[in-house]
There are 2 protein chains.
Amino acid sequence: MGEGLRERKKRETRLRISDIATGMFVARGFDNVTVAEVARAADVSVNTVFNYFATKEDLLLDRAPEVEELLARVFRERRPGESVLEAVRRDLLDALDTGHYRYGFHEADDAFVRMVESSPSLSARVREMNEARERKLAEAIAGELGTGPGDLTPALVAAQIGATIRTIVGHAVRRMLAGESVGAIAPDLRRQAEHAFGLLETGIGGYCVRPETPEGPRA
Amino acid sequence: MGEGLRERKKRETRLRISDIATGMFVARGFDNVTVAEVARAADVSVNTVFNYFATKEDLLLDRAPEVEELLARVFRERRPGESVLEAVRRDLLDALDTGHYRYGFHEADDAFVRMVESSPSLSARVREMNEARERKLAEAIAGELGTGPGDLTPALVAAQIGATIRTIVGHAVRRMLAGESVGAIAPDLRRQAEHAFGLLETGIGGYCVRPETPEGPRA
DNA sequence: ACTAATTTTTAAGTGACTGCAAAAATTTCC
DNA sequence: GGAAATTTTTGCAGTCACTTAAAAATTAGT
């Protein structure tokens, strides 16, 4: 069967609407652009927009699933002998060093961050994504350890790791918005991050270490 | 001058609207009650409602400030020789034992919790309140220690404590909504909470201990 | 080309929320 | 006690996100 014309057009339309919307939002601010304007710019009706995207926020955060999966993926792909915490720390520091955007400190994306922060509804959505990200990490941990819903530890560890990341990233974003370039604050940020994870490590550092042998996990 | 008729009536009107709205929301669900209906029930115009409350959500969460101040207050009023973490743990366990609602596990308020959970906008507001609560705790800690904005530790500790509380309370709420009575789960909840704070303690337990002498704080 | 399934559009409405100006209530001043 | 100034309340018109139902256009299968 492959992919018919219909499905290709749908994919294209969806992507076009999302792209056009994102551009307009970044340029003029999320709250200063109406869905009607996006629809007009994308040459579709308003209802078509809502046909593809459940809410206005979804126009922008279309790749939310990736973000929400990030921590769980990092956990699952962690190296032998590496704990949850160590894996996340390594990945975050790596993102910081290579300037990758996956945790939120984008090179020169002031505009994007500023737009998100300026819109209450978008900020709310980001909080939702953070929650989902922590929940998925907790599920991944619980799944691998085989713990039941009565054991809160996976959820606790996930929430604490999430809290740490949010604090670090929030700090970085605040300084970026204050005018400092990512390059200038990167070294200090690295130190802060190491210190932050250090705080956690003594408490939960040894939790759920991936075993050397590719078999079952160890508590 | 004291308090004139005008100010008293304002206070009364505000309270009356909020009370009536809360009752309607709990009875029929937040999203199933329109602001217009609340206005009619309170015998005022819709504009008057919005004159007192910025958003529909504010009608319900009028005492949000208390909730947001809670952790900071517990921290400030902690006992001599008590760390931030110890103070919060003591207060939360106390609330659990005495059945106080301040952390969210209300005696028989299924209806209230259920209503909040069923409304996305209310859940979003709760997340905002959690964030504010952690921020205020962080500010209180930083203020007492005299640390600058460059030191992330207060924010990290506050976020981790917040994460722990949210996880515990979330667990309790989930079981409550599943039909278990608060009394039945209280002992288990207590164990869970102790375990949860234990996780944190090894890491940050000694942070910011209140000194025996009623003078400056100690790190 | 015809029919059935699917997508898009049109049309009409709901509900939160805003801005403005008139009306009503309250306080102040005399 | 009454006019004037002030504040509160209200009515009205409008914006915007979002919903629902039914026409209209497009595509798929034969």
Side-chain angles (χ1 to χ4, degrees), chain A residues 1-18 20-22 24-25 28-62 64 115-116 118-126 128, chain B residues 1-18 20-22 24-25 28-62 115-116 118-125 128:
Chain A
M1 285 291 189
E3 186 194 51
L5 171 64
R6 195 171 252 161
E7 276 137 34
R8 197 186 67 225
K9 275 188 92 171
K10 269 187 78 170
R11 231 181 352 100
E12 286 171 354
T13 303
R14 182 190 175 90
L15 194 63
R16 178 164 46 92
I17 296 176
S18 175
I20 289 176
T22 303
M24 294 174 80
F25 290 154
R28 297 169 38 200
F30 186 76
D31 295 323
N32 300 323
V33 178
T34 70
V35 175
E37 286 175 312
V38 172
R40 205 170 336 123
D43 209 42
V44 292
S45 81
V46 173
N47 272 31
T48 300
V49 174
F50 283 117
N51 205 12
Y52 283 104
F53 303 92
T55 68
K56 186 184 177 186
E57 287 77 34
D58 285 330
L59 282 168
L60 193 69
L61 306 170
D62 208 13
M115 173 200 50
V116 173
S118 80
S119 164
S121 60
L122 275 183
S123 300
R125 190 52 163 274
V126 168
E128 253 181 77
Chain B
M1 284 293 188
E3 185 194 52
L5 172 64
R6 195 172 253 162
E7 276 138 35
R8 196 186 66 225
K9 275 189 91 171
K10 270 185 76 171
R11 229 178 357 99
E12 285 171 354
T13 303
R14 182 189 175 91
L15 194 64
R16 177 165 46 90
I17 295 176
S18 175
I20 290 175
T22 302
M24 294 173 80
F25 291 155
R28 295 169 39 202
F30 186 76
D31 295 323
N32 299 324
V33 178
T34 71
V35 176
E37 286 174 312
V38 172
R40 205 172 334 124
D43 208 41
V44 292
S45 80
V46 174
N47 273 27
T48 300
V49 174
F50 283 116
N51 205 11
Y52 282 103
F53 303 92
T55 68
K56 185 184 177 187
E57 288 77 33
D58 285 331
L59 282 168
L60 195 69
L61 306 170
D62 207 13
M115 172 200 48
V116 172
S118 79
S119 164
S121 59
L122 275 183
S123 300
R125 191 51 164 274
E128 255 181 76

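Computed from a prediction, not measured in an experiment: that's the story for all the values here. Residue numbering restarts at 1 for every chain, and letters A, B, ... go by the order of the sequence lines.
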Quickly work out the [X] [atom1] to [N] [atom2] distance and round it to whole Å.
| X | N | atom1 | atom2 | answer |
| --- | --- | --- | --- | --- |
| A/Glu12 | D/dT27 | CD | P | 12 Å |
| A/Glu7 | D/dA28 | CD | P | 9 Å |
| B/Lys10 | C/dA25 | NZ | C1' | 14 Å |
| B/Asn51 | C/dC20 | CG | C1' | 13 Å |
| B/Asn32 | C/dG15 | CG | P | 10 Å |
| B/Asp31 | D/dA17 | CG | C1' | 14 Å |
| A/Ile17 | C/dT7 | CD1 | P | 14 Å |

Please name all residues satisfying side-chain hydrogen bond (donor to acceptor under 3.5 Å, both in side chains) with [X], sequence neighbours left out, ordered by chain then number.
| X | answer |
| --- | --- |
| A/Thr48 | A/Ser45 |
| B/Glu128 | none |
| A/Arg28 | A/Glu37 |
| B/Arg14 | B/Asp62 |

Handout entry: Closest non-hydrogen atom pair between A/Met24 and A/Ala41, with its separation
Key =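 Answer, listing the atom of A/Met24 first, then A/Ala41: SD-CB, 3.9 Å.
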At their closest point, which heavy atom of B/Val33 faces which heavy atom of B/Lys56, and how far apart are they?
->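 Closest approach of B/Val33 to B/Lys56: O-NZ, 2.8 Å.
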Within the structure, does a side-chain N or O atom of B/Lys9 lie under 4.0 Å from either OP1 or OP2 of C/dT26?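 Yes, B/Lys9 has a side-chain N/O under 4.0 Å of OP1/OP2 on C/dT26.
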Quiz item: Should B/Tyr52 be listed as having a side-chain N or O under 4.0 Å from OP1 or OP2 of D/dT8?
Solution: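 Checking B/Tyr52 against D/dT8: no side-chain N or O falls below 4.0 Å of OP1 or OP2.
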Which residues share a side-chain contact (heavy atoms from CB on, under 4.5 Å) with A/Thr22, sequence neighbours left out: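 For A/Thr22, the residues satisfying side-chain contact (heavy atoms from CB on, under 4.5 Å) (neighbours in sequence not counted) are A/Ser18, A/Val26, A/Leu60.
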Could you work out, with side-chain contact (heavy atoms from CB on, under 4.5 Å) as the rule, every residue matching B/Ala42, not counting sequence neighbours?
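Only B/Arg16, B/Ile17, B/Ile20, B/Val44 meet the side-chain contact (heavy atoms from CB on, under 4.5 Å) criterion with B/Ala42.
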Residues from residues 36-50 of chain A sitting under 4.0 Å of DNA chain D, heavy atoms only?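 Correct list: A/Asn47, A/Phe50.
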Check: Using a heavy-atom distance cut-off of less than 4.0 Å, which residues of residues 53-60 of chain A contact DNA chain D?
Finding: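 The stretch gives A/Thr55, A/Lys56 as the residues lying under 4.0 Å from the strand, ordered by number.
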**Prompt:** Tell me, which pairs form a ring pair (Phe, Tyr, Trp, His ring centres under 6.0 Å) where one or both residues lie in residues 34-54 of chain A, sequence neighbours left out?
**Reply:**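 For residues 34-54 of chain A: none.
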